[in-house]
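First up is the structure itself, then whatever we jot down about it.
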Amino acid sequence: MINNIKPKEATSIINSLIGGVVPKIGVQHIAVGRSEEINAVVSALEDVKNGHSMVKFWIGDFGSGKSFMLHLLNTVALKQKFVVANADFTPDNRLYSNDGKGVALYAAIMDNVSIQTKPEGGALPTLLEKWIEQVISKTAEDNNISLIDIRNEQYLKLIQSNIMKTINDITDVGGFDFGVVVMKYYEGYITDDEQLRRNALKWLKGEYKTKTEARQDLGVREVINDLNYYDMLKNFCKLFVSMGYSGFMVNLDEAINLYKISNSAVREKNYEKILTIYNDCFQGKVTNLFFNFAGTKEVLENQRRGFFSYDALKTRLITNKYETAEIRDFAQPVIRLLPLDHNEIFVLLKKLKAIFDYNYKTEISINDEDIQQFMEELFNKPGASEFLTPREVIRDFLNILNILRQNPEIDKKKLFGDLEISDERPAEFSLDSIEEL
């Protein structure tokens, strides 16, 4: 039932889901009931590949699969030769701030840069070296120098000037310092100066706190900060595309943490930043960039502190009034994730059982009928319709498989009967009660 799954993916799926989080790799093996959303994304990726830019908002109740959807987008985008990065909004990571929380978000994004050969993140050094190799080859070809000789230190300046020229051609704001730092990275790369390479990478990832420190280590005048990090993301996007990648996809989850900002002026500035990104992408000011935001319905629609509290965003994000649960419009910026139905959950549990058996090289005696009985027990419990999320269903199911794997003599029917339902939603799920500061 599960084709072409790698052992590493199987382990990641089982361990992550038992821990209540979405696996970083292998999510395509457990995707059910999202084919229309995926088709919409494939077509959007095609547009972005052709030079357009895009923003999508994935909206759904707690546990409805928003994070899962973003991970699925990753998998699809990596296959389409996109560079992908993910980050979560947290109390310390935001789009706008003047105390380092904006650049902290940027650092999290750059830390998680992924490509198909490095799907779990940390691909920035690989990308820089690949790009530098391209510049080296082109310089060697243009100057009729062999690929071996071009690496001699005597040609360092020639390569550096070509790095600078190429970066100037593709960057707008902040290109000079960006170019100088990439040159320094190359210098470290060619002379085996590990510290210089590390410093350059530290700068590119937004980890320098002061200009003085950056000037001492790298001779540059600026650092990446709360005000300019978005320009740097756009510069990286152009760099990746110049290397032959289709584009740059940035996925930002947990938008509830913007909604929870208690200072209304700061919260509004964050929404203004979303508006800037939205306008840049849809007005064609940037190319090959794809932003995804994930949040709850409350985050989108709450008139007092959600996106809809900011009029300019509200007018752009209002749902197509002709859309219903049956008639969907996946071309609009906001995509609402409807809960999986019982048939889809059944298919999902069946897949998980197969992956579990594959991972542990076992054969737990649970058949389709048992899965149905498990679901009936769970969905007929008091509070199921209100609180039960796919996350909890999956975790309970895998926990039962784990008990049966280690204690084969236990009666599975008794385990099904012992199931309980709790409200797993975070306390901040409804924040109307929070007073404005």
Side-chain angles (χ1 to χ4, degrees), residues 53-62 66-67 69-70 85-109 173 206 224-234 237 249-286 289-320 332-337 426 428-437:
S53 288
M54 189 80 64
V55 182
K56 292 276 184 198
F57 296 82
W58 300 87
I59 302 297
D61 291 332
F62 175 72
K66 299 180 296 297
S67 305
M69 199 63 217
L70 292 188
N86 302 279
D88 287 350
F89 291 117
T90 70
D92 298 317
N93 280 6
R94 316 181 157 161
L95 286 165
Y96 169 87
S97 92
N98 48 19
D99 60 357
K101 292 187 173 85
V103 76
L105 177 70
Y106 168 85
I109 291 170
V173 183
I224 299 174
N225 56 36
D226 287 335
L227 297 176
N228 65 13
Y229 77 85
Y230 174 50
D231 293 320
M232 285 302 158
L233 284 178
K234 292 189 282 189
C237 181
M249 177 191 267
V250 179
N251 297 331
L252 299 172
D253 202 354
E254 304 295 346
I256 187 92
N257 283 302
L258 299 183
Y259 173 90
K260 282 163 63 181
I261 297 171
S262 48
N263 182 312
S264 56
V266 175
R267 191 170 61 244
E268 203 161 278
K269 286 283 193 188
N270 274 275
Y271 293 167
E272 198 180 304
K273 197 77 180 170
I274 292 178
L275 181 68
T276 301
I277 293 169
Y278 184 100
N279 288 343
D280 281 358
C281 288
F282 285 114
Q283 290 171 354
K285 290 180 185 167
V286 291
L289 191 57
F290 196 158
F291 266 91
N292 289 289
F293 294 90
T296 59
K297 192 177 167 198
E298 191 84 348
V299 170
L300 177 73
E301 293 179 359
N302 186 294
Q303 303 280 353
R304 207 157 61 77
R305 51 192 309 139
F307 295 165
F308 280 11
S309 66
Y310 191 71
D311 272 346
L313 264 186
K314 182 179 179 177
T315 54
R316 287 160 174 79
L317 302 185
I318 274 187
T319 311
N320 181 336
Q332 60 188 331
V334 172
I335 296 184
R336 291 171 190 272
L337 293 171
E428 69 271 5
F429 194 69
S430 177
L431 288 168
D432 271 339
S433 57
I434 292 184
E435 290 303 314
E436 296 284 356
L437 292 186

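These values consider heavy atoms only, across backbone and side chains, with no hydrogens, waters or symmetry-generated copies.
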TODO: Mind checking salt bridge (Lys or Arg N to Asp or Glu O under 4.0 Å) for Glu301 and listing every partner two or more places apart, or none if nothing turns up?
DONE: Arg336

Open item on the list: Working to the nearest 0.5 angstrom, can you tell me the gap between Leu95 CG and Glu272 CD?
Closed with: 11.5 Å

Please table the atom pairs, donor to acceptor, closer than 3.5 Å between any side-chain atom in residues 307-315 and protein atoms at least two apart or in another chain.
unit_1, atom_1, unit_2, atom_2, d
Ser309, OG, Gly306, O, 2.6
Lys314, NZ, Gln303, OE1, 3.2
Thr315, OG1, Asp311, O, 3.4
Thr315, OG1, Ala312, O, 3.0

- [ ] Only counting residues at least two apart or in another chain, list the ones meeting side-chain hydrogen bond (donor to acceptor under 3.5 Å, both in side chains) with Asn292.
- [x] Trp58, Asn251

Task: Separation between CZ of Phe293 and CG of Leu317, rounded to the nearest 0.5 Å - done: 10.0 Å

TODO: Report yes if the side chains of Ile224 and Val103 come closer than 4.5 Å at any heavy-atom pair, otherwise no.
DONE: yes

Task: 4.5 Å side-chain heavy-atom contact, Tyr259 and Thr296 - done: no

Open item on the list: Using 0.5 Å steps for rounding, measure from the NZ atom of Lys101 to the CG atom of Asn257.
Closed with: 11.5 Å

Open item on the list: Working to the nearest 0.5 angstrom, can you tell me the gap between Asp253 CG and Met69 CE?
Closed with: 12.5 Å

TODO: Name all residues meeting the side-chain hydrogen bond (donor to acceptor under 3.5 Å, both in side chains) criterion together with Asp226; count only those two or more places apart in sequence or in a different chain, and write none if there are none.
DONE: Ser97

Open item on the list: Side chains of Ile277 and Val55, heavy atoms from C-beta outward: is any pair under 4.5 Å?
Closed with: yes

- [ ] May I ask you to decide if Leu289's main-chain N or O and Ser53's side chain share a donor-acceptor pair within less than 3.5 Å?
- [x] yes

Open item on the list: Less than 6.0 angstrom from the centroid, inside 45 degrees of the normal: does Lys273 satisfy that with respect to the ring of Tyr229?
Closed with: yes

Open item on the list: A side-chain contact here means heavy atoms from C-beta on lying under 4.5 Å apart; do Leu258 and Val299 qualify?
Closed with: no

Open item on the list: Which residues pass the salt bridge (Lys or Arg N to Asp or Glu O under 4.0 Å) test with Lys269, not counting sequence neighbours?
Closed with: none

Task: Any Val266 side-chain heavy atom under 4.5 Å of Arg94 side chain - done: yes

Open item on the list: Suppose we screen for side-chain contact (heavy atoms from CB on, under 4.5 Å). Which residues come up paired with Ala87, at least two apart in sequence or across chains?
Closed with: Leu105, Ala108, Ile109, Leu252

Open item on the list: Nearest 0.5 angstrom please: Leu70 CG to Met249 CE, how far?
Closed with: 9.0 Å

Open item on the list: Once side-chain contact (heavy atoms from CB on, under 4.5 Å) is applied, do any residues pair with Asp280, and if so which ones, sequence neighbours excluded?
Closed with: Tyr230, Lys234, Thr276, Lys285, Val286

Open item on the list: Taking Asp231's backbone N and O only, do any of them form a donor-acceptor pair with Asn228's side chain (distance below 3.5 Å, no angle check)?
Closed with: no

Task: Nearest-0.5 Å distance, CD1 of residue Ile59 to CD of residue Glu298 - done: 11.5 Å

- [ ] List in chain and number order the residues that pass side-chain contact (heavy atoms from CB on, under 4.5 Å) with Asn98, two or more places apart in sequence or in another chain; answer none if no residue qualifies.
- [x] Tyr96

Open item on the list: Can you give me the closest heavy-atom contact between Ser262 and Arg267, atom names plus distance?
Closed with: O-NH1, 3.8 Å

Open item on the list: Could you report the tightest heavy-atom contact between Gly295 and Lys66, atom names first, then the distance?
Closed with: O-CD, 3.0 Å

Task: Any donor-acceptor N/O pair, Asp88 side chain to Thr90 backbone, under 3.5 Å - done: no

Task: Partners meeting salt bridge (Lys or Arg N to Asp or Glu O under 4.0 Å) with Asp92 (sequence neighbours left out) - done: none

Task: Residue list, ring-ring contact (aromatic ring centres under 6.0 Å, His included) with Tyr278, at least two apart or on another chain - done: Phe282

